[in-house]
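What you see below is based on every heavy atom in this structure, not just the backbone, and it leaves out hydrogens, waters and symmetry mates.
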Amino acid sequence: MVRGTGTGAWNGPGPLTLNTTQSGSTYTMKDPTGTNLSCQDAANNTTFSGSDDVWGNGTATNKETGCVDAFFSAQTEHKMLSQWLGRNGANGNGGYWPIRVGLNDQNAYYDGSQVQIGKNTAGQWIGSLDVVAHEIGHGIDDNTPGGISGGGTQEFVADTFGAATEWFANEPSSYDAPDFLVGEKINLVGSGPIRNMYNPSALGDPNCYSSSIPSTELHAAAGPGNHWFYLLANGSSPTNGQPSSSTCNGSSVTGLGIQKAMKVMYNAMLLKTSSSSYLKYRTWTLQAAKNLYPGSCAEFNTVKAAWDAVSVPAQSGDPTCAGGTPTPTPSTTTTPPSGGCSGNKLANPGFESGNVSWTASSGVITTDSGQAAHGGSYKAWLDGYRSSHTDTLSQSVTIPAGCRATLSFWLHIDSAESTTGTAYDKLTVKAGGTTLATYSNLNKATGYVQRSFDVSSLAGTTATVSFSGVEDSSLQTSFVVDDTAVTLS
């Protein structure tokens with residue numbers, strides 16, 4: 001797989017990694033695995049191309065930069081769909097639609113054949129994580145049973161995909177950081193976010209359901225659904241730093257975490273019919289929770305409590321759950337441990353104590369001057385022998401229940417390989433049994449690049465973080481790792 005680098009306006013830290021396609025000496029902003037996933041200039045529907053696989057200049061009014069953000073956002077949502085929901089692409093079969101940047105309007109839309117990305121009132125292209133994932137979310141909705149959701153629900157359905165993608169990406173606060181605001185980064189008309197999921201009324205949308213919602217303007221009608229989703233994920237008084245959210249019935253709700261909330265939402269979509277509505281989504285999400293967590297009523301009861309809290313009434317078709325309320329599986333918003341969720345859980349993270357706390361192949365943790373450390377004197381240098389060789393590096397880490405966790409490390413790849421198409425030497429990064437990334441000689445670059453991954457799914461467990469470098473019989477590739485962290489929040 002060809003991996004290019006891009007500089008966006010909204011997403012980071014840079015450089016952003018983009019999966020691109022190479023033909024001869026030309027690279028195109030076309031995903032090699034997602035069918036029809038590309039980023040194009042809306043003026044002529046031509047896919048962006050170049051000779052160096054380096055994209056964008058960070059200027060938000062530049063179309064290629066707009067495509068960097070939009071393409072990266074779509075590829076990030078693709079990972080979220082796979083890792084959190086088990087879905088193969090937007091259409092369920094690995095397929096997408098071209099993303100076209102250049103719409104001369106303060107808008108973005110999906111129409112069944114494309115995703116168009118417009119601009120804000122400052123002329124900046126609006127390809128942020130939540131905007132792009134929202135529009136692709138419409139496509140997902142369109143390609144699940146019953147098609148696009150009705151009865152005033154379609155915009156809240158799409159907003160859940162935007163929020164989930166932001167939280168999956170977990171970008172720093174200076175970029176499109178995870179929150180429950182919609183379009184807060186792109187500032188569409190100069191007045192901040194366009195929707196607020198924890199308090200829709202702050203932007204003039206209803207917090208609570210009423211019989212008038214199905215006939216309300218589509219985007220305003222998203223209010224009760226967005227409010228429900230926020231309560232389901234975070235609860236009314238979150239302990240993870242998110243804002244409090246008042247309920248319509250004065251109740252208190254304890255959230256399940258964003259990943260569980262999104263699983264419930266998506267699995268409800270797999271139950272929908274063409275006559276979808278808020279009332280039916282209540283029934284479908286209850287059934288989805290019951291199907292997903294057959295040994296527990298806790299998740300079911302939270303889904304029910306969240307609907308009650310936004311005034312969506314009980315329905316005759318609602319399932320019931322009996323058998324007690326076992327403690328929910330650890331998630332990002334269960335009560336945090338007594339010591340709080342902060343700090344780095346890896347020991348000797350910069351290797352400055354030498355070969356301690358880590359299990360490593362001989363010579364991996366070193367001060368050898370052949371490769372520079374990112375910081376200090378020590379680093380972990382895997383491979384670089386110009387012969388068939390395997391190096392490993394690992395450490396067991398305990399992530400407390402109730403905490404978000406991010407694995408990060410600085411990586412420098414130095415290679416004598418000149419090919420631009422074949423991955424001869426590879427580094428595989430895992431946490432627990434999950435492969436987070438694979439890098440190769442194709443990713444060689446000057447200097448270090450920080451890589452980060454959300455590993456919150458491992459909360460409440462002890463798992464092994466591991467790096468495995470495999471080099472073939474000729475031409476060295478060195479994978480140099482330094483300043484690692486499993487950071488709690």
Side-chain angles (χ1 to χ4, degrees), residues 73 76-88 129-130 133-134 136-137 140 156-171 176-180 197-198 225-226 228-235 238-242 245 253-270 284-286 288-296 298-303 305-306 326-336 341 399-407 431-436 452-461 463 486-489:
S73 296
T76 301
E77 184 173 24
H78 177 78
K79 294 175 186 176
M80 186 278 292
L81 294 174
S82 174
Q83 295 178 33
W84 281 14
L85 306 179
R87 184 175 177 86
N88 180 20
L129 285 167
D130 54 358
H134 169 100
I136 292 175
I140 296 166
F156 109 75
V157 168
D159 280 348
T160 66
F161 285 92
T165 301
E166 277 193 353
W167 281 91
F168 177 85
N170 196 28
E171 293 185 346
D176 198 5
D179 55 31
F180 288 86
M197 300 179 80
Y198 57 85
N226 281 342
W228 166 81
F229 187 75
Y230 183 85
L231 292 169
L232 182 64
N234 291 281
T239 58
N240 63 345
Q242 291 299 299
S245 179
V253 179
T254 301
L256 299 176
I258 181 67
Q259 187 171 350
K260 272 192 174 182
M262 196 64 223
K263 284 182 178 178
V264 169
M265 183 68 221
Y266 171 66
N267 280 272
M269 293 170 68
L270 300 181
W284 295 330
T285 54
L286 286 169
K290 189 171 181 177
N291 294 346
L292 285 166
Y293 306 103
S296 169
E299 293 82 3
F300 176 96
N301 289 338
T302 301
V303 173
T327 302
T329 303
S331 71
T332 58
T333 57
T334 55
T335 302
C341 295
I399 301 174
C403 294
R404 289 187 60 80
T406 302
L407 168 65
T434 301
T435 297
L436 301 176
S452 62
F453 304 89
D454 187 343
V455 291
S456 302
S457 61
L458 298 174
T461 71
V486 171
T487 306
L488 303 184
S489 61

K.L.:
Side chains of Thr406 and Asn170: donor-acceptor distance under 3.5 Å anywhere?
P.N.:
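Looking only at side-chain atoms, Asn170 and Thr406 do form a donor-acceptor pair, the distance falling under 3.5 Å.
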K.L.:
So, using side chain to side chain contact (heavy atoms under 4.5 Å, CB included) as the criterion, who are the partners of Ser82 when residues are at least two apart?
P.N.:
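Scan of Ser82 (side chain to side chain contact (heavy atoms under 4.5 Å, CB included), adjacent residues dropped) gives none.
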K.L.:
Please report the C-alpha distance between Ile140 and Arg87 in whole Å, then the side-chain angles of each, then the deciding distance to 0.1 Å, and finally whether the side-chain contact (heavy atoms from CB on, under 4.5 Å) criterion is met.
P.N.:
CA-CA 10 Å; Ile140 296 166; Arg87 184 175 177 86; 3.8 Å; yes
K.L.:
Testing the basics here: between Phe168 and Asp454, what is the closest heavy-atom pair and its distance to 0.1 Å?
P.N.:
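Of all heavy-atom pairs spanning Phe168 and Asp454, the closest is O-CB, 3.9 Å.
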K.L.:
Taking only residues two or more places apart in sequence or in another chain, which ones pass ring pair (Phe, Tyr, Trp, His ring centres under 6.0 Å) with Tyr198?
P.N.:
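Residues passing ring pair (Phe, Tyr, Trp, His ring centres under 6.0 Å) with Tyr198: Tyr230.
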K.L.:
Who passes side chain to side chain contact (heavy atoms under 4.5 Å, CB included) against Thr461, sequence neighbours left out?
P.N.:
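Thr461 satisfies side chain to side chain contact (heavy atoms under 4.5 Å, CB included) with Leu458, Ala463 once adjacent residues are dropped.
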K.L.:
Is a side-chain donor or acceptor of Ser296 paired with a backbone partner of Ala298 at a separation under 3.5 angstrom?
P.N.:
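Checking the backbone N and O of Ala298 against the side chain of Ser296, a donor-acceptor pair under 3.5 Å is found.
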K.L.:
Going through the checks in order, is the side-chain contact (heavy atoms from CB on, under 4.5 Å) test met by Ile258 and Arg404?
P.N.:
CA-CA 11 Å; Ile258 181 67; Arg404 289 187 60 80; 4.3 Å; yes
K.L.:
Is there side-chain contact between Trp284 and Met265, with at least one heavy-atom pair below 4.5 Å?
P.N.:
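No, their side chains stay 4.5 Å or more apart.
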K.L.:
Report yes or no: is the cationic atom of Lys79 (NZ for Lys, CZ for Arg) under 6.0 Å from the centre of the six-membered ring of Phe453, at an angle within 45° of the ring normal?
P.N.:
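Geometry flag: not set, cation outside 6.0 Å or 45°.
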K.L.:
Please find the pair of heavy atoms, one from Leu81 and one from Phe161, that lie closest to each other, and give the distance.
P.N.:
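Minimum heavy-atom separation between Leu81 and Phe161: CD2-CE2, 3.9 Å.
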K.L.:
Which of parallel (below 30°), tilted (30 to 60°) and perpendicular (above 60°) describes Phe229 and Phe180?
P.N.:
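Taking Phe180 first and then Phe229, their aromatic rings sit tilted (interplane angle of 30° to 60°).
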K.L.:
Compare every heavy atom of Gly402 with every heavy atom of Cys341, then report the nearest pair and how far apart it is.
P.N.:
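Closest pair (atom of Cys341, atom of Gly402, distance): SG-O, 3.7 Å.
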K.L.:
Can you tell me how far apart OG1 (Thr165) and CD1 (Ile136) are? Round to the nearest 0.5 Å.
P.N.:
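Thr165 atom OG1 to Ile136 atom CD1 measures 8.0 Å (nearest 0.5 Å).
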K.L.:
Check whether Trp167 reaches the backbone of Asp179 with its side chain - one donor and one acceptor, N or O, closer than 3.5 Å.
P.N.:
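Yes; judged by distance alone, with no hydrogens or angles, the pair exists.
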K.L.:
Indicate the atoms forming the closest heavy-atom contact of Leu129 with Glu166, along with that distance.
P.N.:
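Residues Leu129 and Glu166, closest heavy atoms: CB-CG, 4.1 Å.
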K.L.:
With Ala405, which residues qualify under side chain to side chain contact (heavy atoms under 4.5 Å, CB included), at least two apart?
P.N.:
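For Ala405, the residues satisfying side chain to side chain contact (heavy atoms under 4.5 Å, CB included) (neighbours in sequence not counted) are Ile399, Val455, Val486, Leu488.
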K.L.:
Who pairs with Thr487 by side chain to side chain contact (heavy atoms under 4.5 Å, CB included), at least two apart in sequence or on another chain?
P.N.:
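Here the qualifying residues are Ala485.
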K.L.:
Taking atom types as modelled, find out whether Thr302 and Glu299 have a side-chain donor-acceptor pair closer than 3.5 angstrom.
P.N.:
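No pair is found: no donor N or O on one side chain lies under 3.5 Å from an acceptor on the other.
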K.L.:
Using only heavy-atom distances, determine whether the side chains of Asn226 and Asp159 contain a donor-acceptor pair under 3.5 Å.
P.N.:
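Judged by distance alone, the side chains do pair up.
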K.L.:
Side chains of Asn267 and Asn291: donor-acceptor distance under 3.5 Å anywhere?
P.N.:
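Side-chain D/A pair, Asn267 to Asn291: absent.
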K.L.:
How long is the straight-line distance from CG of Leu232 back to OG1 of Thr254, given to the nearest 0.5 Å?
P.N.:
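It is 11.5 Å, given to the nearest 0.5 Å.
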K.L.:
Can Trp228 and Phe156 be said to form a side-chain contact (heavy atoms from CB on, under 4.5 Å), step by step?
P.N.:
CA-CA 10 Å; Trp228 166 81; Phe156 109 75; 4.0 Å; yes
K.L.:
Applying side-chain contact (heavy atoms from CB on, under 4.5 Å), run through Gln259 and Met262 and close with a yes or a no.
P.N.:
CA-CA 5 Å; Gln259 187 171 350; Met262 196 64 223; 5.9 Å; no
K.L.:
Using modelled atom types and a 3.5 Å cut-off, is there a donor and acceptor pairing between side-chain atoms of Glu171 and backbone atoms of Ala177?
P.N.:
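Flag not set: sc Glu171 to bb Ala177 has no pair under 3.5 Å.
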K.L.:
Tell me, please, which residues at least two apart from Phe300 pass ring pair (Phe, Tyr, Trp, His ring centres under 6.0 Å).
P.N.:
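Phe300 satisfies ring pair (Phe, Tyr, Trp, His ring centres under 6.0 Å) with no other residue.
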K.L.:
So which atom in Ala459 and which in Pro400 form the shortest heavy-atom distance, rounded to 0.1 Å?
P.N.:
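Shortest heavy-atom separation between Ala459 and Pro400 comes out as CB-O, 3.6 Å.
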K.L.:
Closest heavy-atom contact between Met197 and Ala163?
P.N.:
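Looks like SD-CB, 4.1 Å.
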